[in-house]
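Okay, structure first, notes after.
To find a chain, count down the sequence lines: A is the first, B the second, and so on, and within it residues start at 1.
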There are 2 protein chains.
Amino acid sequence: MTESPFESAGHCRLPEDVVSDSRAIAARMAALSHPARIEIIKHLSANNSCCCREVVDRFDLAQSTVSQHLKILVEAGLVRFEPDRQRSRYEVDRAALADVSASVAALVNSCCSGR
Amino acid sequence: MTESPFESAGHCRLPEDVVSDSRAIAARMAALSHPARIEIIKHLSANNSCCCREVVDRFDLAQSTVSQHLKILVEAGLVRFEPDRQRSRYEVDRAALADVSASVAALVNSCCSGR
DNA sequence: CCTTTTCATCGTTTATCGCCGATGGACGAT
DNA sequence: ATCGTCCATCGGCGATAAACGATGAAAAGG
């Protein structure tokens, strides 16, 4: 079963809202915890938006792999997706990215002030 | 074999230093991309330092699991470890944490200024 | 209509994660 | 010396992640 104690309430001795907060942060961190996805983010933002093919051409990754990474970034809310003819337009959501940055900063701050 | 294109040089069409930069960020993000580890970080910093047992008592996780999480945090350079008699003292490295925050902020900034 | 391009998705394989119980080492106390 | 406590590590197990090739749908071009 495995069922992590942090997956659902009741398995942890902490208030649920605190934990769910950590879960939310962790989820977005997870999306950024792969070098390919960080590079993709940079590439997307350098150009203003890219289709999948452009990313594939730039990195030595199979098209299916790139598509997967893009999907993960979209699901994490860090990248916006818009179908454009037979292409797909992927665009960095700068606000969401800034939000992640703010979350990390908040965590760091809470750690420096004794929570 | 699997061997990610980002694991070693030559598999990627990008300058190695750039990629290794992304790898470094990704590694630290990975350490923070688990709710338990975020909670542990908070707990460590709320108290000034903890031994493993204190963390175990606080969360519903087996001692071996907590020890594992702590090890991951130490290896990521986010937590300092110091053996203290038969106990272990774990302490948040606030500078390292601030560094992570800065890295993320830099990534976000580079994305906002067109890299 | 047929071909090419672009892309998402499926299925597979391999590696890694997350969790646990068990084991054993190192101390401290009795 | 023996016991209890604290801890790191090992082995195992199920779940998840990461990579790929193959397939098929949707457009665009011939």
Report yes if at least one side-chain N or O of [X] is closer than 4.0 Å to OP1 or OP2 of [N]; otherwise report no.
X: R37(A); N: dA18(D); result: yes
X: S67(A); N: dA8(C); result: yes
X: Y90(A); N: dA8(C); result: yes
X: H69(A); N: dA19(D); result: yes
X: K71(B); N: dT9(D); result: yes
X: S64(B); N: dC7(D); result: no
X: T65(A); N: dA19(D); result: no

What is the distance, to the nearest angstrom, from the [atom1] atom on [X] to the [atom2] atom on [N]?
X: E39(B); N: dG18(C); atom1: CD; atom2: C1'; value: 17 Å
X: D60(A); N: dA18(D); atom1: CG; atom2: C1'; value: 16 Å
X: D84(A); N: dT5(C); atom1: CG; atom2: C1'; value: 14 Å
X: L61(A); N: dC7(C); atom1: CG; atom2: C1'; value: 16 Å
X: L70(A); N: dT6(C); atom1: CG; atom2: P; value: 15 Å
X: R89(B); N: dC7(D); atom1: CZ; atom2: C1'; value: 16 Å
X: E54(B); N: dT5(D); atom1: CD; atom2: C1'; value: 14 Å

Identify, with sequence neighbours excluded, every residue that meets side chain to side chain contact (heavy atoms under 4.5 Å, CB included) alongside [X].
X: R87(B); value: C51(B)
X: R28(B); value: D99(B), V100(B), S103(B)
X: N47(A); value: H43(A), C50(A)

Would you list the atom pairs, donor with acceptor, under 3.5 Å between side chains in residues 61-76 of chain B and any protein atom, with sequence neighbours excluded?
{"from": "H69(B)", "atom 1": "ND1", "to": "R37(B)", "atom 2": "NH1", "distance (Å)": "3.1"}

In Å, rounded to the nearest 0.5 Å, how long is the span from CG of L107(B) to CG of L97(A)? 5.5 Å
Could you measure the distance from the CG atom of L32(A) to the CD1 atom of I40(A)? Nearest 0.5 Å is fine. 11.5 Å
Qualifying ring pair (Phe, Tyr, Trp, His ring centres under 6.0 Å) pairs, either residue in residues 83-111 of chain B, two or more places apart: F81(B)-Y90(B)
Among [options], which nucleotide has an atom closest to any side-chain atom of [X]?
X: Q63(B); options: dA8(D), dA8(C), dG21(C); value: dA8(D)
X: F81(B); options: dC20(D), dG18(C), dA8(D); value: dA8(D)
X: R53(A); options: dC20(C), dT6(C), dA8(D); value: dT6(C)
X: R87(B); options: dC19(C), dC20(D), dC7(D); value: dC7(D)
X: H34(B); options: dC19(C), dA19(D), dC7(D); value: dC19(C)

Residue pair S101(A) / A105(B): nearest heavy atoms and the distance that separates them: OG-CA, 3.6 Å
Ignoring hydrogens and angles, does a donor from either the side chain of Q68(A) or the base of dA19(D) sit under 3.5 Å from an acceptor on the other? no
Pairwise N/O distances under 3.5 Å, protein to nucleotides 24-30 of chain C:
none

